[in-house]
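Here is the structure we will look at.
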Amino acid sequence: MTAAVFIGCSFIAFGPALALCVCTIAAEPLRLLFLIAGGFFWLVSLLLSSLVWFIAVQIGGSNNASVKKNLLIFGVMVSVLLQEVFRFAYYKLLKKANKGLMTISQEETLPISVRQLSYVSGLGFGIMSGVFSLVNILTDSWGPGTVGIYGDSPQYFLSSAFMTLAIVLLHIFWGIVFFDACEKKKWWALALVILSHLLVSGVTFQNPQYEGSLVPSYIIMMLMATWAFFTAGGSLRNLKLCLMCRDKDFLLANQRPR
Amino acid sequence: MCLKRKDLFCVAIIGFHRAVPMTELSAHLPQFQHGQLTENFPDNHLSNTNDNSERRRHDNSERRRNDNPESETNGQPQNRAQQVVEQDEEDEELTLKYGAKHVIMLFAPVTLCMVVVVATIKSVSFYTRKDGQLIYTPFTEDTDTVGQRALNSILNAAIMISVIIVMTILLVVLYKYRCYKVIHGWLIISSLLLLFFFSFIYLGEVFKTYNVAMDYITLALMIWNFGVVGMICIHWKGPLRLQQAYLIMISALMALVFIKYLPEWTAWLILAVISVYDLVAVLCPKGPLRMLVETAQERNETLFPALIYSSTMIWLVNMAEEDPEAQRKASKSSTYDKQAAANQIQNEDADMDDGGFNPEWEQQRNSRIGPLESTPESRAAVQALPSNSQASEDPEERGVKLGLGDFIFYSVLVGKASATASGDWNTTLACFVAILIGLCLTLLLLAIFKKALPALPISITFGLVFYFATDNLVQPFMDQLAFHQFYI
């Protein structure tokens, strides 16, 4: 417990997101702004879904544990759907804002491309989601205690951290695929994103059997990662060049001939 | 020069005007920034420089002080009035390009202030302990019934707001009748109290929390140094970062005092009412703030000094170090002779110093614009001038300003959220994000409407909505999810 678990879990969950922020977002104020706005949109979706859940609980009104659990499952599903709705709303808002910016500034190109926006908004959603899921657990892990003393799993903190990491990364990939699908009107891709989100959330109902929840989540995350990679314009050739430090950006930055 | 309506950025006005009444409330507040003002004179050259940087910035003419000889630039802008129209289109583009940067330049200090407040609240228990109330909130909230508590908190809030209104009106009256010395004295006393007394208490409580043994002599030395450097930085001159750090620290100290001494319901009510008051005071024609600004406009002078956070560079220092390139623009040397006289900058070897203008260049210039002399006096005068160099045309360098009152109230909201919320960190984070987004929207509105707007209403509304919603709706939901380890 205490500091080791706290630091370990927080870096497991937020390390990649932090690294992404530092490397790609921190330098550009516009991206930082859109990141925070994305987080705000996720927050609003959470608010609405908690409202729905709260009303359902008040209506359902019994103290039965299984009824409560079912209502919670219902709440989770509603929340996932609302998150995707708000992702779409954010997409619409960004398009409008970009259009406005373009007409006013009379430039040929947008100040920030839709692909960058999809990445930034996905990251924003992911960070907010991860933070809200994990931060109270992390503060509990800072203090003394014994995990699982009542028969719960002793790997509670670690599994929470890994699950949060998966969610954060998944949000990024979902964002990229989602925006691309909206741009190119590929509604099947949109439906697939929503389905995979529902699937990942559904799989967590199997906790604390972590094999049943963590493994599928990570598999889905890998699949989404490759999908998002190819959607964003990556290819095996690009990847090879990048890894061999022979890609255009690297060469330009280092003034070396190919 | 005439000040246009779009010069007036109420966000700052609200800030200091918020801050000033509060000086009375907690008997220590705004300090004015003599030293700060010189750097902001670019803002006053609205006619010749980017209008948008003006729009974006929560600055207004009050920044300039009349008695500061180095920022006396009344002669200049009238020459550039014609350039306003052409500059407008470029300005639009620049606004948008650089708008995000300025928003982030405000996010950083606001975030820092909130982080300091939340960190203190979480670690130092002194600020969450009930140790009585301010005299401005005499009614206690430890009552038997909910109704009585509600009534008491409404009365407390009413008293507090009326004190603020009275203070603002007093300020407007003092300003109208030109009692500048009274205002300055008031500000200096309040900043003294804040920098010495409240930081002493803060330090003492931090030591108690971490069980650090400290003798009075070392403590006295530390507080003395902190306070004196603070007074110098804030009221006179100092490195920009240090000044910003001090402003953030005193905002945090003020916010902590409010969090400690305002009972719960009263605090929320006061936050709500003050945003409404802010809105009214800035936008209504007879609002005190608006009258203040209009008076300053009529008198063609800066408003009385106030506590405003600024992220601009210190222009005067830069100008003095610039190479002669900057001086080439000052071909209108005749207007500035009187300033040269007032100017302290002396060039040694005045005869030998040709200011870098070699004979060929001088010949060229003579053929183009007629014989003008670049004498050491004219160069010195130019060096003393604000903003006419290329660097000042670059909006990136211009920076933004926000009144410290806004800092204080944002931090009060977030601090109260972290102190009393059952949702704990979720609520704190939600309020934090809400306030940042509110600030962003306010800046956007500022850019769209190009008129004075208050900074408090949108952010505080969002903050309050998110506080109550997160605390009552989201927290039970997330709690249940964490219990079952479900993920959304």
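- If you check the side chains of Thr204(A) and Gln485(B), you find no donor sitting under 3.5 Å from an acceptor.
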### Stepwise side chain to side chain contact (heavy atoms under 4.5 Å, CB included) check, Phe486(B) with Phe205(A)
CA-CA 6 Å; Phe486(B) 291 172; Phe205(A) 297 155; 3.6 Å; yes
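- Contacts between Phe34(A) and chain B at a heavy-atom distance below 4.5 Å are absent for every atom of the residue.
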### Message
Is there a side chain to side chain contact (heavy atoms under 4.5 Å, CB included) between Val44(A) and Phe466(B)? Walk through the geometry before answering.
### Response
CA-CA 9 Å; Val44(A) 176; Phe466(B) 272 78; 3.8 Å; yes
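- For a residue to count as touching a neighbouring chain, one of its non-hydrogen atoms must lie under 4.5 Å from one of that chain's; by this rule Ser213(A) does not touch chain B.
- You'll find the side chain of Met478(B) stays beyond 4.5 Å of the side chain of Asn136(A), heavy atoms only.
- For Tyr90(A), the ring pair (Phe, Tyr, Trp, His ring centres under 6.0 Å) partners two or more places apart in sequence, or in a different chain, are Phe41(A).
- Taking Leu481(B), Ile437(B), Val433(B) one by one and counting their heavy-atom pairs under 4.5 Å with chain A, the maximum is reached by Ile437(B).
- At a 4.5 Å heavy-atom cutoff, the contact between Gln83(A) and chain B is made by side-chain atoms alone.
- Of all heavy-atom pairs spanning Asn472(B) and Phe54(A), the tightest one is O-CE1, 4.0 Å.
- In this structure, no portion of Asp479(B) lies under 4.5 Å from any heavy atom of chain A.
- Note: Phe40(A) and Phe462(B) have parallel aromatic rings, judged against thresholds of 30 and 60 degrees for the angle between ring planes.
- Atoms CG and CG, on Leu473(B) and Leu51(A) in that order, are 5.5 Å from each other to the nearest 0.5 Å.
- The environment of Arg241(B) atom CZ is sparse: at most 12 non-hydrogen atoms of other residues, nucleotides or ligands sit within 6.0 angstrom.
- Contact of Leu33(A) with chain B is made through backbone and side chain together, with heavy-atom distances under 4.5 Å.
- Looking at heavy atoms from C-beta onward, Phe477(B) lies in side-chain contact with Leu46(A) at the 4.5 angstrom threshold.
- The candidate with the highest count of non-hydrogen atom pairs below 4.5 Å against chain B, out of Val76(A), Ile73(A), Val57(A), is Val76(A).
- Inspection of non-hydrogen atoms places Met128(A), Ser129(A), Val131(A), Phe132(A), Ser133(A), Val135(A) of residues 126-135 of chain A under 4.5 Å from chain B.
- Contacts with chain B were tallied for Lys68(A), Arg31(A), Lys69(A); Lys69(A) has the most, counting heavy-atom pairs under 4.5 Å.
- A 4.5 Å side-chain heavy-atom check between Trp425(B) and Leu138(A) finds every atom pair outside the cut-off.
- In this structure, OG1 in Thr470(B) is found 6.0 Å from CG in Leu43(A), a value given to the nearest 0.5 Å.
- Considering only heavy atoms from C-beta on, Val103(B) stays 4.5 Å or farther from Pro29(A) through its side chain.
- Contacts of Ile488(B) with chain A are made by both backbone and side-chain atoms, with heavy-atom separations under 4.5 Å.
- Across all their heavy atoms, Ser50(A) and Val474(B) have their closest contact at OG-CG2, 3.2 Å.
- When heavy atoms are compared at a cutoff of 4.5 Å, Ile137(A) approaches chain B solely by way of its side chain, counted from C-beta outward.
- For Phe468(B), the CZ atom counts as densely surrounded, since its 6.0 Å shell holds more than 12 non-hydrogen atoms of other residues, nucleotides or ligands.
- For a residue to count as touching a neighbouring chain, one of its non-hydrogen atoms must lie under 4.5 Å from one of that chain's; by this rule Ser79(A) touches chain B with the side chain only.
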### Task
Assess whether side chain to side chain contact (heavy atoms under 4.5 Å, CB included) is satisfied between Phe107(B) and Ile36(A), documenting all intermediate values.
CA-CA 11 Å; Phe107(B) 276 13; Ile36(A) 298 175; 3.7 Å; yes
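- The main-chain N or O of Val203(A) is never found under 3.5 Å from a side-chain atom of Tyr487(B) such that the two would form a donor-acceptor pair.
- Here Met163(A) is the residue among Met163(A), Met77(A), Gln206(A) with the most heavy-atom pairs under 4.5 Å with chain B.
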